[in-house]
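Working notes for the structure below.
When reading the values below, keep in mind they use all heavy atoms of this one structure, side chains included, and skip hydrogens, waters and symmetry mates.
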Amino acid sequence: MCLVLLLAALPAAAQTPQRVVTLNLCLDQMALRLAAPGQLVGVSYLSQDPNLSVLADRAAALAPVRDSVETILVLRPDLVILGADSHAPLKRLLRGAGVRLLELPWATSIGEAETVIEQMATALGREDVGRRLIAGMQMERRRLTWTAAPLGTAVYLEANRGTSGKGSLMDELLRLSGYRNLAAELGIGSFGRLSLETVLAGQPDLVVLDGTANDNPARATEFVGHHALLALAGKTKLASVPTRFSICAGPDNFEVMRLLAEARP
């Protein structure tokens, strides 16, 4: 009887959650890999978009969740996983409803992603699965990392001529793949913009973009087929890397590295 009373007095945090909701595209991708069958009951609606989510097919089988307490509570979660620096009003409402929260930081590198995976796996009671996922990531990183002298300069371009500079995830992936990042060398931080004139003047050896970005033509992505950019072909290699592989730090980043390896001279 004493043992029963003691177990009943343990905090909810010591119990393995049975109904988990995630509220962040990147955390969704981790939870979809870590959770036990039936443990994850809801993910952010963005995870069902195949342009953004590598695991959109898995996410489609779960309830889509938006940033509202109603769409979350209807799923009767015993754990909600969300970003540490977002959704402050929503967090207050969820705590007021007695829902346990796990707040995790935004991972901006492969190493940070491994730490978040470890924390999430522990909260889900799936430590072994987390360790195997991390071990696989470390093996892929060793296998794909370029260890010789840099091959040259690369530049990454996204919608509205955005780019990723020093300290960004793409900066890490370019460096691991054997390239110097033109945006970083120009003093651009994690995110900035580059004109096509600057790209042409920089004479990059590799231009990385999502070649499907302008399948539905829009001003933000029209640069993909710009004649000035296409003129680089022949002396500059173009690598098409779907955006969904580089939005979040994690296992999907190694597909970026594989595609960059294929673009090497």
*List the steps, then state whether side-chain contact (heavy atoms from CB on, under 4.5 Å) holds for L55 with R33.*
CA-CA 9 Å; L55 302 177; R33 289 180 167 93; 3.6 Å; yes

_CA sep, side-chain torsions, deciding dist, call: L176, I110, side-chain contact (heavy atoms from CB on, under 4.5 Å)_ = CA-CA 11 Å; L176 289 175; I110 294 173; 4.0 Å; yes

*Output, in order, the C-alpha distance, side-chain angles, deciding distance and verdict of side-chain contact (heavy atoms from CB on, under 4.5 Å) for D49 and L25.*
CA-CA 10 Å; D49 183 343; L25 173 64; over 6 Å; no

_side-chain contact (heavy atoms from CB on, under 4.5 Å) for F191 and E158? Distances and angles first, verdict last._
CA-CA 10 Å; F191 178 81; E158 56 185 28; 3.0 Å; yes

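Annotation: side-chain contact (heavy atoms from CB on, under 4.5 Å) contacts of T198 (sequence neighbours excluded): L186, L194, S195. For the side-chain contact (heavy atoms from CB on, under 4.5 Å) test, residues two or more places apart in sequence or in another chain that qualify with S164 are Y156, S168, M170. Residues passing the side-chain contact (heavy atoms from CB on, under 4.5 Å) test with R126, sequence neighbours excluded: A36, Q39, L124, V129. A search for salt bridge (charged side-chain N to carboxylate O under 4.0 Å, His left out) contacts involving R132 returns nothing, not counting sequence neighbours. Residues passing the side-chain contact (heavy atoms from CB on, under 4.5 Å) test with A59 are L32, V43, S47, Q48, sequence neighbours excluded. By the side-chain hydrogen bond (donor to acceptor under 3.5 Å, both in side chains) test, S68 pairs with T71, sequence neighbours left out.
In this structure, A263 and A239 approach most closely via the heavy-atom pair CB-CB, 4.0 Å. Of all heavy-atom pairs spanning L75 and A63, the tightest one is CD2-CB, 3.7 Å. Nearest approach of S109 to L169, heavy atoms of both residues: CA-CD1, 4.2 Å. Nearest heavy atoms, A121 versus G130: CB-CA, 3.8 Å. Here the closest heavy-atom approach between residue P251 and residue L133 is recorded as CG-CD1, 3.8 Å. Looking at every heavy atom in both residues, D78 comes nearest to R100 through O-CB, 3.5 Å.
Hydrophobic cluster membership is shared by L93 and L23, with clusters built from Ile, Leu, Val, Met, Phe, Trp and Tyr side chains linked at under 4.5 angstrom. In the hydrophobic clustering of ILVMFWY residues, with side-chain heavy atoms under 4.5 Å counting as a link, L94 and Y45 come out apart. Cluster annotation: L101 and L79 are assigned to distinct hydrophobic clusters (Ile/Leu/Val/Met/Phe/Trp/Tyr, side-chain heavy-atom contacts under 4.5 Å, transitive). When hydrophobic clusters are built by joining Ile, Leu, Val, Met, Phe, Trp and Tyr residues whose side-chain heavy atoms come closer than 4.5 Å, directly or via intermediates, V65 is grouped together with V99. Side-chain heavy atoms closer than 4.5 Å link hydrophobic residues (I, L, V, M, F, W, Y) into clusters, and following such links, possibly through other members, connects M30 to L104.
The number of heavy atoms from other shown groups lying within 6.0 Å of CZ (R76) does not exceed 12. With a 6.0 Å radius and a threshold of 12 heavy atoms from other residues, nucleotides or ligands, E118 has its CD atom at or below the threshold. Shown here is R66, whose CZ atom has no more than 12 heavy atoms of other residues, nucleotides or ligands within 6.0 Å.
Separation of atoms CD1 (I247) and CG (D252) is listed at 10.0 Å; rounding is to 0.5 Å. The structure places CG of L102 at 11.0 Å from OG1 of T22, a figure rounded to the nearest 0.5 Å. Rounding to the nearest 0.5 Å gives a distance of 9.5 Å between OG of S246 and CG of L174. Rounded to the nearest 0.5 Å, atoms CG (D85) and CG (L82) are 10.5 Å apart. The distance from atom CG of D171 to atom OG1 of T108, rounded to the nearest 0.5 Å, is 10.5 Å. Rounded to the nearest 0.5 Å, atoms OG1 (T153) and CZ (R180) are 3.5 Å apart.
At distances below 3.5 Å, at least one donor-acceptor pair connects side-chain atoms of K91 with backbone N or O atoms of A84. Between the side chain of R264 and the backbone N or O of S177 there is at least one donor-acceptor pair closer than 3.5 Å. With hydrogens and angles ignored, the 3.5 Å screen pairs no side-chain donor or acceptor of R19 with any backbone N or O of V41. With hydrogens and angles disregarded, a donor-acceptor distance shorter than 3.5 Å links the side chain of N253 to the backbone of F245.
Contact check for N181 versus K166: no side-chain heavy atoms found under the 4.5 Å cut-off. Between D28 and I81, every side-chain heavy-atom pair lies at or beyond the 4.5 Å cut-off. Counting heavy atoms from C-beta outward, N51 and T243 have side chains that stay 4.5 Å or more apart. Residues E262 and L259 form a side-chain contact, since some pair of their non-hydrogen atoms from C-beta on lies under 4.5 Å apart. Looking at heavy atoms from C-beta onward, L90 lies in side-chain contact with I72 at the 4.5 angstrom threshold. At a threshold of 4.5 Å between non-hydrogen side-chain atoms, the residues L40 and V20 count as touching. For the pair I117/M137, a side-chain contact is recorded, criterion being any heavy-atom separation below 4.5 Å from C-beta on. Under the 4.5 Å side-chain criterion, counting only non-hydrogen atoms from C-beta, S53 is not in contact with L46.
Ion pairing between a basic and an acidic side chain is recognised when a charged N comes within 4.0 Å of a carboxylate O; R244 and E255 show no such pairing. Under a 4.0 Å N-O distance rule, the pair E172/R175 does not qualify as a salt bridge.
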